[in-house]
Amino acid sequence: VAALVGLLGSEHREIQAAVNSVLERFGTAALEPLAGALRSPRWQVREQASDILGMIGAGDGVPALAQALNDAHWQVRFAAVNALGAIDTPAARRALAAHADADERVRKLVSALVSRARL
């Protein structure tokens with residue numbers, strides 16, 4: 001898992017896709033290293049880690065993703081919102097409902113996910 005996490009944020013789409021697929025299959029065993037990757041200095045790493053946490057779909061990833069909602073880069077916040085929407089636990093829904101973002105793209109996604117959760 002650690003070696004795969006080291007490949008996060010690659011510029012090559014093929015590598016990104018392979019890393020996503022394999023880390024998703026590791027499931028909850030990959031949660032801690034992925035949560036750690038959310039503290040990377042590279043926003044691309046944080047974005048991909050958020051995506052994979054959403055793909056894994058475990059509620060244990062919610063606290064790290066909720067913190068990623070405060071990231072300086074909108075792409076990371078967008079990925080964290082998307083991941084929280086995919087996880088769709090009460091804690092994930094609360095994090096989304098409480099989030100107000102400065103970026104319109106992120107706000108629209110939050111709004112859509114919160115509306116969907118109320119249906």
Side-chain angles (χ1 to χ4, degrees):
V1 170
L4 291 166
V5 169
L7 295 172
L8 292 175
S10 171
E11 294 177 10
H12 304 286
R13 292 283 179 201
E14 299 83 12
I15 293 174
Q16 287 180 11
V19 169
N20 285 0
S21 176
V22 175
L23 282 173
E24 180 185 13
R25 283 187 247 148
F26 273 102
T28 57
L31 289 178
E32 189 175 322
L34 287 167
L38 291 175
R39 295 185 297 276
S40 170
R42 294 186 56 233
W43 71 264
Q44 298 91 338
V45 170
R46 299 190 308 272
E47 178 187 33
Q48 190 176 6
S50 294
D51 287 337
I52 299 167
L53 285 167
M55 292 164 55
I56 292 171
D60 291 344
V62 170
L65 288 165
Q67 285 206 328
L69 295 176
N70 299 313
D71 198 276
H73 291 271
W74 75 266
Q75 297 95 324
V76 176
R77 296 191 311 273
F78 191 92
V81 165
N82 213 21
L84 288 165
I87 293 171
D88 197 29
T89 63
R93 282 185 236 117
R94 282 191 301 275
L96 288 173
H99 183 63
D101 205 279
D103 188 275
E104 182 178 357
R105 295 162 286 204
V106 179
R107 274 196 320 270
K108 284 182 178 181
L109 180 59
V110 169
S111 178
L113 292 171
V114 168
S115 294
R116 181 193 75 190
R118 290 186 181 148
L119 297 177

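Legend: side-chain hydrogen bond (donor to acceptor under 3.5 Å, both in side chains) pairs involving residues 6-15, not counting sequence neighbours, sorted by first then second residue: Arg13-Gln16. Within the structure, the salt bridge (Lys or Arg N to Asp or Glu O under 4.0 Å) test picks out the following pairs touching residues 58-71 (sequence neighbours left out): Arg46-Asp71. Residue pairs meeting the salt bridge (Lys or Arg N to Asp or Glu O under 4.0 Å) criterion with at least one partner in residues 75-86, sequence neighbours excluded, are Arg77-Asp101.
Distance check: Leu23 CG to Leu53 CG gives 9.5 Å after rounding to the nearest 0.5 Å. Atom CG of residue Asn20 and atom CD1 of residue Ile15 lie 12.0 Å apart, to the nearest 0.5 angstrom. Distance check: Leu4 CG to Ile52 CD1 gives 8.5 Å after rounding to the nearest 0.5 Å.
Remark: Glu47 engages no residue in a side chain to side chain donor-acceptor pair (under 3.5 Å) (not counting sequence neighbours). Scored by the salt bridge (charged side-chain N to carboxylate O under 4.0 Å, His left out) test, Arg105 finds Asp103 as partners (sequence neighbours excluded).
Using a 4.5 Å heavy-atom threshold, the side chains of Leu109 and Val106 count as separate. Val76 places none of its side-chain heavy atoms less than 4.5 Å from the side chain of Leu69.
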Quiz: residues 26-43 side-chain donor-acceptor pairs under 3.5 angstrom, not counting sequence neighbours:
residue : atom : partner : partner atom : Å
Ser40   : OG   : Arg42   : N            : 3.1
Arg42   : NH2  : Gly9    : O            : 3.0

Run the side-chain donor-acceptor check on residues 78-98: report pairs under 3.5 Å with partners two or more places apart or on a different chain.
residue : atom : partner : partner atom : Å
Asp88   : OD1  : Arg93   : NE           : 2.8
Thr89   : OG1  : Ala92   : N            : 3.1
Arg93   : NH2  : Asp88   : O            : 2.9

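In terms of heavy-atom proximity, Gln48 sits nearest to Leu7 at OE1-O, 4.5 Å.
Ser111 places no side-chain N or O within 3.5 Å of a backbone atom of Arg107 that could act as its donor or acceptor partner.
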